[in-house]
Each structure stands twice: as structure tokens, then as C-alpha cells.
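Since this is a predicted model, take the numbers as computed values, not measurements. Atoms within each ligand, like the ligands themselves, are counted from 1 in listed order.
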Amino acid sequence: MGNQNEPKLKSIFLPFLSTSHIIPLVDMARLFALHGVDVTIISTKHNSTIFQNSIDLDSSRGRSIRTHIIEFPAAKVGLPVGIESFSVNTPKEMTPKVYMGLFLLQPEIESLFETLEPDFIVTDMFFPWTADVANKLGFPRIMFHGASYLARSAAHSVELFAPHLKTESDTEKFVLPELPDELEMTRLQIPDWLRSPNQYTDLMKVIKESERTSFGSVFNSFYELESEYYDHYKKVMGTKSWGLGPVSLWVNQDDSDKAARGYSKEQEREKKEEQEGWLKWLNSKTECSVLYVSFGSMNKFPYSQLVEIAHALEDSGHDFIWVVRKNEGNEEGDVFLEEFEKKVKESGKGYLIWGWAPQLLILENPAIGGLVSHCGWNTVVESVNVGLPTVTWPLFAEHFFNEKLVVDVLKIGVPVGAKEWRNWNEFGSEVVKREEIGNAIRLMMDGGEEEVAMRKRVKELSVEAKRAVQVGGSSYNNMVELIKELKEIKLARV
Ligand code: UDP
């Protein structure tokens with residue numbers, strides 16, 4: 001791709017230290033490499049294991065892409081070796097130390113920006129300082145958002161108009177002002193930093209400012225998915241932005257890509273046998289009959305909630321794959337889950353996958369009929385790719401905003417009825433009962449009029465998603481335009 005006579009662009013990608021931000025930004029980096037850009041991804045050793053497999057595959061395909069490893073200063077900040085990310089396994093008390101480590105890495109990253117002499121950088125939203133550095137060094141910084149245009153627009157609306165302060169109670173509904181649709185939420189459903197100012201509120205202000213001083217932003221989204229919010233966001237922010245999604249669909253075309261995603265080489269080898277087991281089971285199931293139940297890379301549920309999910313799945317009568325994680329130090333809970341796994345495996349009703357699953361591979365299997373999901377943005381986009389409806393169960397971050405898009409705007413999901421936002425590293429106090437989970441599953445899976453209409457809508461969106469990344473599609477055009485602009489900037493500098 002690209003003209004031989006045009007200059008080759010050199011780029012640096014800097015993902016944040018958490019799986020949910022690394023995966024889409026690395027997919028995006030790979031997308032630029034696919035389009036002829038030279039790509040260096042800066043990461044730490046432990047974090048790079050999540051994606052190195054994919055980079056090696058791309059490299060073997062002749063693409064100009066590599067990882068530049070920097071050493072996480074674990075000893076300096078008093079962390080054990082290997083704890084260098086914000087993950088569900090990072091003990092809460094260690095989180096500030098990971099931030100400190102990241103802060104200490106700033107001069108090294110800055111000097112890499114100088115020595116590697118990129119034509120542009122794409123850095124995660126959580127590196128607002130990179131906007132100033134890029135401006136100082138004279139190349140464009142593009143900010144990567146891990147969220148949807150709707151979620152960013154909704155947060156902007158709450159910041160500006162504070163509708164939650166005009167309600168009587170935490171559970172009274174209010175409309176998010178000045179958005180393309182009348183979206184209703186409660187105070188309990190919006191993130192704590194929007195509810196009342198805290199340190200994170202300050203950080204988000206800095207991030208917003210840095211977006212305004214950056215060249216523009218990129219999202220894992222596509223125009224047809226949230227066109228009104230795409231336009232709205234660009235208007236209210238007054239910034240340039242490019243939807244380049246669905247990135248996972250675009251760069252993970254082969255089964256080898258899908259199987260490698262999120263695993264280290266060792267993990268992939270270890271999981272192979274297990275994978276053959278559930279894949280064979282899945283292939284034996286009838287079309288559209290199996291539920292895929294997963295809550296992303298960061299979820300934490302108390303055992304009381306896991307028990308409710310298990311019963312709901314069993315009672316639903318549908319077959320299922322449930323990606324689940326054990327809670328440390330709860331033997332009773334572990335025994336419950338292990339017995340449940342044994343029982344459903346023997347009856348052929350379901351599979352439990354521990355910790356991490358090759359989601360892209362599973363979702364595209366014709367046997368899968370719908371998701372039960374936390375509305376993590378990447379999963380929303382991936383469910384649309386494959387044309388599947390979702391039982392929405394938002395938990396933290398901007399999930400409740402994403403639920404609005406899925407349920408109220410696109411009408412491709414059934415809400416489980418989650419009422420309370422929580423922090424990503426907390427269990428939360430809400431336990432959704434098996435009956436509520438069961439009702440939502442029934443509405444999604446049992447062939448009623450609403451279900452048929454919902455499936456038709458999501459299938460149409462799936463077609464749009466595929467079209468977006470083909471020659472002449474909206475994301476394709478965005479990519480071509482963005483690269484063209486970046487080349488012009490490079491030529492002007494030279
Ligand atoms: N993912 C996966 N296997 C898992 C969990 C997650 O492949 O077991 C991938 C998923 O396909 C998605 C990303 O990790 O691309 C998770 O991002 P999302 O925004 O959906 O949720 P988060 O992890 O940020 O809560």
C-alpha cells in the first residue's frame with residue numbers, strides 16, 4: 001500500500017500499561033504498519049508479552065514493525081519484578097507504585113522520542129505530557145482514546161452541565177444534556193470522577209487539554225456505528241478525529257492472529273489442548289445457540305455474584321462459554337466453580353474458560369448466538385463485527401455510557417439492569433440476581449419479535465463494519481487521509 005515515490009512515515013506508538021488499552025492500540029499500530037508506515041511500539045517487558053506474538057507474526061509478513069522494550073523500574077518503586085501493569089491481578093495497594101514507575105520512565109521515553117526521530121507519535125490518552133513533548137520536538141502527536149465517541153460526548157455533557165446535581169436522589173433519572181439522543185441515566189451509573197471531583201477529575205481535565213493541543217485523536221470506532229456522536233464530539237471538542245475501526249477486524253484476518261491475541265507464546269502453547277476441547281464442543285453445537293459470557297480483562301466479581309451467574313446460565317437452558325476468574329483466598333468459592341465446571345462439562349451444556357479466552361475466534365463461530373458482556377468498548381465493537389446481540393452488564397469505566405449506545409441508540413442489546421458504577425479494582429456492592437440475568441437472556445435468545453428485530457439491526461451493522469474497512473469505506477478513507485496529512489507534514493518539515 002502507498003506510492004513508491006512518497007516518503008515512508010516513521011512512527012512511535014506508546015500504549016498505556018493495561019491490557020484493555022494495550023490491545024486496541026497495538027491493533028492500531030499494526031494497522032499503520034499494514035499501510036506501509038514504519039512502527040515502533042514502546043513497552044515494558046511484561047506488558048509486551050501480551051502482544052509480541054502478534055508483532056512477530058506481522059514482522060514475518062514483511063511489515064515494518066517492532067517493539068522497543070524499556071525496563072520498568074520495579075526495584076526503585078518497591079514493586080516485585082513482573083508487577084508493571086494496571087491489571088485485575090495488581091493488588092490495590094500496589095497501584096500507586098505502578099503509577100510512580102510510569103512517571104519515572106517519562107525521561108527515558110522522552111529521550112526515545114528524540115533519538116528515534118519519528119514523523120508522528122500515537123500515544124494513549126493517559127500520556128497527556130506527550131502532547132507538549134511532541135510540540136516541542138516538532139512532530140504531531142495523535143491521542144488514542146480507548147472509548148466510544150458516545151462515551152466521550154456523554155462525559156463532556158456531564159462535565160459541562162452537571163445534570164446529576166439537579167436530581168433529588170442517586171437513583172432518579174436525568175437526561176444527558178445537548179446530545180443527539182435523549183439518553184437517561186442515574187447518578188449511581190456515572191463514574192465517580194464525574195459525580196464529584198477527585199484526583200481523577202483533575203487528570204481527565206489535563207487529558208482533555210492535551211487533546212486540544214494534539215494533532216488529533218483516533219478511536220477504535222467507525223462512522224456508521226455512531227455517526228451522530230462522531231460529528232458531535234468533533235464539534236464540541238473542536239479537534240480533529242479519525243475513527244479507524246473496527247481495528248480488530250482489520251488486522252486480525254487470519255486464525256493465527258485471532259488465536260495469538262492477548263497470549264504470550266508459552267500461554268498459547270499451554271492453552272492449545274484446552275482450546276481444541278472447547279472448539280470441538282462449540283463446532284458440535286447448532287447455529288446461534290451458545291451464549292458467550294465474558295466481562296473483559298479487568299472484571300472482579302464477589303463469589304455471591306458468580307454463584308448467581310452460574311445458576312442463571314444453568315436455568316436458561318442455553319449452552320454457554322463462560323470466561324471466568326477465581327478470586328484469591330476464597331476456597332469455598334473455588335470449590336463451587338470447579339464443581340460447576342465439572343457438572344456442565346459432563347452434561348455438555350457449557351465450558352468455563354479460566355482467565356483469558358481467544359475472544360475473536362470464539363465470537364466468529366457460527367454456534368455463538370449472543371453475548372453477556374460488561375460493554376467494554378472493544379467488545380462492543382467486536383460484537384458488532386460479528387453481528388451478535390448483547391445482554392449488557394456495565395461495571396466500571398465508561399461502560400454505562402456504552403450501554404446507552406448498545407441498548408437505546410442502536411437497539412442491539414438487552415440490559416441486565418445494572419444500577420451501580422464501581423471502580424475497576426473493586427467488587428462493588430451490587431449483586432444482580434439470577435432471575436434478572438435469566439430474563440435478559442430470555443429476551444435475547446428466545447426468538448420473540450423484539451429479538452428478531454434486534455438481530456436484524458446488528459446484522460446490518462456487521463455489514464457496515466466490514467464495509468468500513470474495505471477500500472472506499474469510512475475507516476479506510478480516514479486512514480488514507482490521515483496518512484496523507486502526515487506525509488504532507490513530514491514533507492513540509494523536510
Ligand atoms: N479479550 C480477549 N479475551 C478475554 C478478554 C478480553 O481476547 O478473555 C480482548 C477482547 O477481545 C477485547 C479486549 O480484550 O479486544 C477487552 O477490551 P474491552 O474494551 O472489551 O474490555 P476491558 O478489558 O477493557 O474491560
Side-chain angles (χ1 to χ4, degrees), residues 15-28 30-31 47 49-51 53-54 85-90 124-126 144-148 150-152 191 219-221 245-252 255 257-264 267-268 271 274-275 278 292-301 321-326 351-365 368 371-386 388 390 392-403 405-406 413 418 421-426 428 465:
F16 189 58
L17 305 188
S18 78
T19 308
S20 56
H21 281 237
I22 291 172
I23 285 194
L25 186 51
V26 166
D27 274 349
M28 211 171 263
R30 296 172 57 212
L31 192 60
N47 284 296
T49 58
I50 298 168
F51 63 84
N53 237 350
S54 307
S85 66
F86 302 94
S87 92
V88 71
N89 301 320
T90 313
D124 192 278
M125 59 185 269
F126 286 118
F144 168 72
H145 269 291
S148 57
L150 182 144
R152 296 304 309 138
F219 282 68
N220 176 22
S221 187
V247 288
S248 62
L249 169 71
W250 210 345
V251 288
N252 297 292
D255 276 359
D257 290 307
K258 291 170 194 151
R261 197 156 169 265
Y263 285 122
S264 67
Q267 282 167 326
E268 203 189 341
K271 288 262 183 171
E274 184 192 320
Q275 190 163 319
W278 58 251
Y292 174 69
V293 185
S294 172
F295 301 91
S297 61
M298 310 270 275
N299 75 84
K300 241 175 158 170
F301 279 126
I321 284 188
W322 180 15
V323 188
V324 65
R325 202 171 272 127
K326 287 180 181 168
Y351 252 93
L352 269 61
I353 298 185
W354 299 101
W356 188 264
Q359 184 162 304
L360 299 181
L361 211 55
I362 296 176
L363 285 183
E364 69 172 20
N365 192 295
I368 300 291
L371 291 82
V372 178
S373 155
H374 65 312
C375 298
W377 180 238
N378 300 299
T379 298
V380 172
V381 178
E382 287 158 23
S383 66
V384 167
N385 283 349
V386 290
L388 288 173
T390 299
T392 58
W393 188 333
L395 300 172
F396 52 90
E398 83 295 355
H399 301 163
F400 280 90
F401 294 139
N402 294 341
E403 180 182 51
L405 179 70
V406 173
W421 184 96
R422 70 182 72 168
N423 255 307
W424 64 271
N425 51 8
E426 283 168 3

Colleague: I want to know if ligand 1 touches H374 in the polar sense, i.e. an N/O pair below 3.5 angstrom.
Modeller: yes

Colleague: Out of F86, W356, F51, which residue meets the side chain to side chain contact (heavy atoms under 4.5 Å, CB included) rule with T19?
Modeller: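 Output: one option passes, namely W356.
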
Colleague: In Å and rounded to the nearest 0.5 Å, what is the CD1 to CD1 distance from I353 to I321?
Modeller: 5.0 Å

Colleague: Counting from 1, what ligand 1 atoms have a heavy atom of R261 closer than 4.0 Å?
Modeller: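 Per the distance check, 11 (O), 15 (O).
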
Colleague: Against heavy atoms of S20, which atoms of ligand 1 measure under 4.0 Å?
Modeller: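 Answer for ligand 1: 22 (P), 23 (O), 24 (O).
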
Colleague: Would the distance check show the side chain of T90 and the main-chain N or O of S85 forming a donor-acceptor pair, the cut-off being under 3.5 Å?
Modeller: yes

Colleague: So, is S297 polar-close to ligand 1, with some N/O to N/O distance under 3.5 Å?
Modeller: yes

Colleague: For G296, take its heavy atoms, then give the atoms of ligand 1 lying under 4.0 Å from any of them.
Modeller: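 Heavy-atom distances to G296 below 4.0 Å select 23 (O).
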
Colleague: What is the nearest protein non-hydrogen atom to atom 1 (N) of ligand 1, stated with its residue, atom name and distance?
Modeller: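 For this ligand atom, the closest protein heavy atom is W356 CH2, 3.2 Å.
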
Colleague: So which heavy atom in the protein is nearest atom 17 (O) of ligand 1, and how far is it from that ligand atom?
Modeller: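 The answer is N378 ND2, 3.2 Å.
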
Colleague: Just verifying a value: how many Å separate Y351 OH and E274 CD, rounded to the nearest 0.5 Å?
Modeller: 8.5 Å

Colleague: Parallel, tilted or perpendicular for F301 and F295, by the 30°/60° rule?
Modeller: perpendicular

Colleague: Can you check whether A357 has an N/O within less than 3.5 Å of an N/O in ligand 1?
Modeller: yes

Colleague: Show the numbers, then the answer: is there a side-chain contact (heavy atoms from CB on, under 4.5 Å) between Q359 and N378?
Modeller: CA-CA 11 Å; Q359 184 162 304; N378 300 299; over 6 Å; no

Colleague: Go through ligand 1 atom by atom and flag the ones less than 4.0 Å from a non-hydrogen atom of I23.
Modeller: 14 (O), 15 (O)

Colleague: Check whether R325 reaches the backbone of N299 with its side chain - one donor and one acceptor, N or O, closer than 3.5 Å.
Modeller: yes

Colleague: Which residue and atom name correspond to the protein heavy atom nearest atom 11 (O) of ligand 1, and how close is it?
Modeller: E382 OE1, 2.6 Å

Colleague: Of all the non-hydrogen atoms in the protein, which one sits nearest to atom 20 (O) of ligand 1, and at what distance?
Modeller: T379 OG1, 2.4 Å

Colleague: Heavy-atom distances under 4.0 Å are what count here, so tell me which part of W377 touches ligand 1: side chain, backbone, both or neither.
Modeller: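 The answer is the backbone.
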
Colleague: Donor-acceptor pair, distance only, cut-off 3.5 Å: does the side chain of W377 make one with the backbone of N220?
Modeller: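 Checking the backbone N and O of N220 against the side chain of W377, a donor-acceptor pair under 3.5 Å is found.
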
